Amino acid sequence: MSWLTRIRPRLTGFLGRRETPDNLWHKCRACNAMVYTKEFDENLGVCPKCEFHERIGPKERFAQVFDGGVHTRLEIPAVPEDPLGFRDQKKYTDRIKAARTATSEPEAMAVATGKIGGVDAVVAVQNFAFMGGSMGLAVGEAFLTGAMAAVKARAPFIIFTAAGGARMQEGILSLMQMPRTTVAVAELREAGLPYIVVMTDPTTGGVTASYAMLGDIQIAEPGALIGFAGQRVIENTIREKLPEGFQRAEYLLEHGMLDMVVPRKDLHATLARLVELLMRQRVAA
Amino acid sequence: MTTYLDFEKPLAEAAARAAELRATGTPAGEKAAAKLDARADKAAAALYAKLTPWQRTQVARHPERPHFKDYVAALITEFTPLSGDRGFAEDAAIIGGMGRFNGRSVMVIGHEKGADTASRVKHNFGMGRPEGYRKAIRLMELAGRFGLPVITLVDTAGAYPGAEGEARGQAEAIARATQASLDLPVPMIAAIVGEGMSGGAIGLAAANRIVMFENAVYAVISPEGCASILWRGDDKAASRAAEAAEAMKLTAADLLKLGVIDRIVAEPGGAHRAPAEAIANLGAALATELAGLEGQSPAELRAGRRAKFLAMGRLI
Ligand SMILES: [Zn+2]
């Protein structure tokens with residue numbers, strides 16, 4: 001998987017689409033406004049009309065979050081593929097292949113190193129476009145790789161979460177990623193390194209109930225859906241309609257589950273200040 | 001009134017026939033009934049020797065299966081329940097307390113499903129809320145400070161999917177419970193005694209050693225839930241649970257092979273049919289596992305627990 005490593009940083013035009021008439025325009029999922037794709041991309045994947053934060057993948061996130069977009073991807077050790085020999089309507093291996101083709105990413109979590117505000121940092125990005133960001137062996141291994149790289153480099157570990165939950169097709173082994181990633185968080189704690197979680201839309205299920213809720217600092221993007229149980233499941237259980245804004249980032253902030261909700265345009269500066277305060281404890285007054 | 005599962009129909013019929021024979025009140029009727037009982041026992045043993053994963057799921061959920069209180073009553077002396085998360089409430093879905101196991105002070109924590117309508121409602125069918133997991137954390141930390149080994153009994157269809165639990169941080173509570181388990185300076189043994197479903201189970205199961213009843217099930221989601229997600233759009237999605245159960249590898253035998261559990265505890269004929277034997281077997285398994293961890297330092301126990309989970313799934 002050598003193509004994973006050392007991807008050249010791309011400073012501009014990070015979505016890299018060719019400007020055919022089809023993708024010249026971007027239609028906002030929230031307000032239906034048509035905006036130039038170029039303008040939408042330059043606005044970091046946020047609708048300039050209504051501030052809706054569209055989901056973005058690792059490529060865009062790394063370009064936005066590291067200083068000047070400069071970063072180096074880490075190679076993720078291979079894991080057993082399709083450990084249960086799982087098949088539902090399709091073969092699991094076919095689903096993985098399709099996700100790889102669709103996203104040009106090997107799995108649902110990517111890890112890179114670079115600088116944020118001049119401080120070395122390791123950043124992991126979960127990719128909702130890859131099988132709903134679901135957590136299986138590969139995601140667990142990517143998380144472990146990132147955390148261990150942070151421990152080795154004495155750098156903070158920052159994760160952008162996005163997942164529907166566990167990778168059903170890996171059964172119990174997906175559930176085991178909850179304690180496995182929690183072990184990695186323990187290693188970061190013992191090394192005295194910051195672990196910062198940025199929850200993006202959506203972060204639910206077993207991901208929320210493990211590494212996504214264990215940050216030293218908990219941040220979320222505006223409007224992100226964050227929760228444990230799915231809304232349909234909850235509605236069926238309590239037989240009530242859920243209130244507007246339930247399980248949204250702002251709701252979690254109000255209920256004490258987050259430190260802050262930060263718009264995408266301010267994330268780089270916020271992260272830079274947090275890692276600077278935590279990592280450079282003494283500077284000239 | 002015994003509850004028979006769908007696949008136990010021949011056993012139900014035999015029991016009904018034996019009851020009829022006994023109702024005659026004659027020595028001949030009694031003799032025939034006894035003979036029938038013996039045949040039914042043999043048939044049950046044969047049936048239970050080769051259950052499908054879906055049938056095991058039903059056995060794991062059997063209403064007459066022993067629960068937390070039965071295990072504690074039989075295996076723990078001086079059991080002293082402890083209540084409350086000190087923040088919001090007492091959650092009776094997850095109960096815990098101190099007691100003695102073979103003379104040794106231990107902390108026991110687990111899901112309680114309840115045994116009849118009133119107690120099932122009281123215990124919320126073993127579906128924990130954030131407070132239950134926060135109480136578990138509190139008890140684990142207490143056990144850690146006083147050097148008490150922690151035994152957990154896992155038996156839940158999942159954490160309760162309610163709106164209020166979400167508001168109070170259901171996910172965070174489970175994540176912290178897993179974290180507290182992994183940090184424990186004392187031995188921790190988890191026993192999957194019935195259903196071990198999803199995050200609601202793992203919050204109490206990140207242990208040094210994990211034992212599991214042969215008819216218990218342990219999975220990331222219920223077979224029904226798995227089927228409804230993966231066979232979405234299929235008009236027979238609801239009836240795909242058996243297929244999903246097969247594919248998910250949720251039985252003790254499968255999980256031992258995958259390295260997720262360490263030991264299978266026998267329950268001949270199903271724990272609901274012979275509870276005393278099953279409970280005694282669990283006691284023996286817990287004793288063996290605890291003995292195996294004896295003498296390890298807090299650092300060794302922690303490191304061992306972490307290494308165990310890190311290794312999981314890497315070599316299959
Ligand atoms: Zn918009």
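No experiment lies behind these values; they were computed from the predicted model shown. Every chain is numbered from 1, with letters handed out A, B, ... down the list of sequences. Below, all heavy atoms of this structure are taken into account, side chains as well, without hydrogens, waters or symmetry copies.
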### Summary
Separation between CD1 (A/I172) and CG (B/L255), nearest 0.5 Å, reads 5.5 Å

### Task
Report yes if the side chains of B/F309 and A/T182 come closer than 4.5 Å at any heavy-atom pair, otherwise no.
no

### Query
Where does A/R232 contact chain B at under 4.5 Å (heavy atoms): side chain, backbone, both or neither?
side chain

### Query
Can you tell me if CD on A/E250 sees more than 12 non-hydrogen neighbours from other groups inside 6.0 Å?
yes

### Message
For chain B, which candidate among A/Q218, A/M178, A/Q177 shows the most heavy-atom pairs at distances under 4.5 Å?
### Response
A/M178

### Task
Would you name the heavy atoms of B/G199 and A/F228 that are closest together and state the gap between them?
CA-CZ, 4.5 Å

### Task
Might you point out which heavy atoms bring A/A229 and B/E166 nearest each other, and give the distance in Å?
N-OE2, 2.8 Å

### Message
With a 4.5 angstrom heavy-atom cut-off, is it the side chain or the backbone of A/E81 that approaches chain B, or both, or neither?
### Response
neither

### Task
Find the one option among B/G165, B/G169, B/A167 whose heavy-atom pairs under 4.5 Å with chain A are most numerous.
B/A167

### Message
Tell me which of these, A/E187, A/Q231, A/M213, has more heavy-atom pairs under 4.5 Å with chain B than the rest.
### Response
A/M213

### Task
Under 4.5 Å heavy-atom distance to chain A, tell me which part of B/L310 shows up: side chain, backbone, both or neither.
both

### Task
With a 4.5 angstrom heavy-atom cut-off, could you sort out which part of A/Y251 is near chain B: side chain, backbone, both or neither?
side chain

### Task
Measure the spacing between CD of A/E170 and CE of B/M248 and express it to the nearest 0.5 Å.
13.0 Å

### Task
Calculate, to the nearest 0.5 Å, the distance between atoms CG and CG belonging to B/L250 and A/L175 respectively.
12.0 Å

### Query
Non-hydrogen atoms of chain B under 4.5 Å away: do they reach the side chain of A/I238, the backbone, both or neither?
side chain

### Task
Could you tell me which non-hydrogen atom of B/K249 sits nearest to which non-hydrogen atom of A/L84, and how far apart they are?
NZ-O, 3.6 Å

### Query
chain B: which of A/L214, A/V207, A/T237 shares the most heavy-atom pairs with it under 4.5 Å?
A/L214

### Message
Can you tell me how far apart CD (B/E172) and CE (A/M257) are? Round to the nearest 0.5 Å.
### Response
4.0 Å

### Query
For chain B, which of A/N236, A/T181, A/L242, A/L144 has the most heavy-atom pairs under 4.5 Å?
A/L144

#### Entry: Pick from A/L252, A/T204, A/I226, A/T208 with the largest number of heavy-atom pairs that fall under 4.5 Å of chain B
A/T208

### Message
So, applying side-chain contact (heavy atoms from CB on, under 4.5 Å) with B/L230, which one of A/R87, A/K90, A/Q169 is it?
### Response
A/Q169

### Query
Is it the side chain or the backbone of B/Y133 that comes within 4.5 Å of chain A heavy atoms, both, or neither?
neither

### Query
Taking B/G203, B/A177, B/A244, B/A171 one by one, which has the highest count of heavy-atom pairs under 4.5 Å against chain A?
B/A171

### Query
Where is the tightest heavy-atom contact between A/R180 and B/R314, given as atom of each residue plus distance?
NH2-NE, 3.3 Å

### Query
chain B heavy atoms under 4.5 Å from A/V185: which part of the residue, side chain, backbone, both or neither?
side chain

### Query
For B/R305, is it the side chain, the backbone, both, or neither that has a heavy atom closer than 4.5 Å to a heavy atom of chain A?
neither

### Query
Of all heavy-atom pairs between B/R176 and A/G215, which one has the smallest distance, and what is that distance?
NH2-O, 4.3 Å

#### Entry: Which atoms of A/E141 approach chain B - backbone, side chain, both or neither, heavy atom under 4.5 Å
side chain

### Query
Looking only at heavy atoms, which two atoms of A/P179 and B/T178 are closest? And how far apart?
CA-CG2, 3.9 Å

## Note on the structure
So, the part of A/Q247 with a heavy atom under 4.5 Å from chain B: the answer is side chain

### Engaged part of A/I234 at the chain B interface, taking heavy atoms whose separation is under 4.5 Å
both

### Message
Non-hydrogen contacts under 4.5 angstrom with chain A: give the residues of residues 208-221 of chain B involved, or none if there are none.
### Response
B/Y218, B/A219, B/V220, B/I221

### Closest-packed option against chain B by number of heavy-atom pairs under 4.5 Å, given A/E235, A/R189, A/R167
A/R189

